[in-house]
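Okay, so here's the structure we're looking at.
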Amino acid sequence: MSLTVCTWNINSVRIRLPIVREVVERLKPDVLCLQETKCQDDKFPLNAIRDMGFEHIALNGQKGWHGVATFSRHPFVDIGRGEFCGKGDARHVSVTLGPEAGLGKPVTVHNFYVPAGGDVPDPELNPKFAHKLSFLDEVTAWPTLRADAADPDRHAVVVGDLNIAPLETDVWSHRQLLTVVSHTPVEVEKLGAFQASGPWVDVMRDMVPPAEKLFTWWSYRSPDPTVNDRGRRLDHVWASRSLAPRARAMTVLKEARSWQKPSDHVPVALTFG
DNA sequence: ATGGCTGATGAAATCAGA
């Protein structure tokens, strides 16, 4: 028995429905977590998702921007939606699957979309950056997440677009990105505190050694993002300590960045067995 | 050398992404 969890910032679920199908055929996820769905719940293309084999769907969307969604082949025993910084943003949804999903115990999958943080890496000058830092502080202290990580009767996973590339090899140029939002020391420190609050294991980096470059995002502004490979690892899969040793395989579907009408992020799939 | 692009909204230009 195994469980494959996939995370993908899709940058509009409606405009990219055709390649959702392609991603599902290639990665065969049991659980698919999307961010930046940009779709209110009552306009979500539920039937198309069900046709791909996901009978169980948990939404937390809003009009125009943000929004997360989690699809599953296995039923949910629980669904949760966190709200942070009192802004009413749709940036989190969690689902819990029973032991029959394949891991022997229930597993809770938290799907996050962390604020991007704007341009200027100074919380005094840039409210978006201040929001990003506050969001990280709140999720680090969130009792629900800490309880899930510590529960001996359950596995837990955190996935999503965390919008921070923590390691030097998570960006195309550590030196040049030190002052660019997504790789600044203050963000990396807060992401580290968030990770330590579980503690959560960065299973992508268990699968690909930290010495190797590993990216999940390439800017739309490059004419051909594959040419210079100026990417960043903004998307993450973390597992609770009981589950992390059971990571069996990972796929970063880099080729999806070159498909027609791509997202600027590519899907990441992790199989636990 | 990051921003030259992309998407949502709403019907043109602006905001946001990161």
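This structure is a prediction, so every number in the text was calculated from the model and none was measured. All values below come from the heavy atoms of this structure, side chains included, with hydrogens, waters and symmetry mates left out. Chain letters run A, B, ... following the sequence lines, proteins first and then strands; every chain starts at 1.
Following rounding to the nearest Å, Gln260(A) (CD) and dT6(B) (C1') show an atom-to-atom distance of 14 Å. Rounded to whole Å, the distance from NE2 on His174(A) to P on dT2(B) is 14 Å. Taking atom CG on Asp224(A) and atom C1' on dG3(B), their separation rounds to 16 Å, with Å as the unit.
Taking atom P on both dG10(B) and dC15(B), the two are 14 Å apart, rounded to the nearest angstrom. Rounded to the nearest Å, the gap between the C1' atom of dA11(B) and that of dA1(B) is 35 Å. dG3(B) and dA13(B) have their P atoms separated by 24 Å, given to the nearest Å. Distance noted for atom P between dT14(B) and dT2(B): 27 Å (whole Å). Comparing the P positions of dA12(B) and dG17(B) gives an interatomic distance of 25 Å, to the nearest angstrom.
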Criterion ring pair (Phe, Tyr, Trp, His ring centres under 6.0 Å) on His92(A) and His110(A), from CA distance to verdict
CA-CA 7 Å; His92(A) 169 270; His110(A) 288 273; 5.2 Å; yes

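For dG7(B), the OP1/OP2 oxygens have no side-chain nitrogen or oxygen of Arg14(A) closer than 4.0 Å. Between Ser12(A) and dA8(B) there is a side-chain polar atom (N or O) within less than 4.0 angstrom of OP1 or OP2.
Ion pairing of Arg154(A) with Asp148(A) is present here, as a side-chain N (NZ or NE/NH1/NH2) and a carboxylate O approach within less than 4.0 Å. Between Asp229(A) and Lys254(A), at least one side-chain N (NZ, or NE/NH1/NH2) sits under 4.0 Å from a carboxylate O, which counts as a salt bridge.
Each of Gln176(A) and Val13(A) was matched to the nucleotide of DNA chain B holding its nearest heavy atom; the match closer to the 5' end belongs to Gln176(A).
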Once base and sugar-phosphate atoms are separated, protein heavy atoms under 4.0 Å mark nucleotides 10-18 of chain B, 5' to 3', with B, S and - as S-----SBB

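Trp65(A) belongs to no hydrophobic cluster, as no Ile, Leu, Val, Met, Phe, Trp or Tyr side chain comes under 4.5 Å of its own. Other residues sharing a hydrophobic cluster with Leu234(A) under the 4.5 Å side-chain heavy-atom criterion for ILVMFWY residues are Trp217(A).
Each of His236(A), Arg232(A), Arg205(A) was scored for a side-chain hydrogen bond (donor to acceptor under 3.5 Å, both in side chains) with Asp170(A), with one residue passing: Arg205(A).
Residue Trp218(A) is out of contact with every strand shown, counting any heavy-atom pair closer than 4.0 Å. Residue-level contact check: Ser263(A) touches neither bases nor backbone, having no heavy atom under 4.0 Å from any strand.
A donor-acceptor pair under 3.5 Å is absent between the side-chain atoms of Arg248(A) and the main chain of Phe272(A), judged by distance alone.
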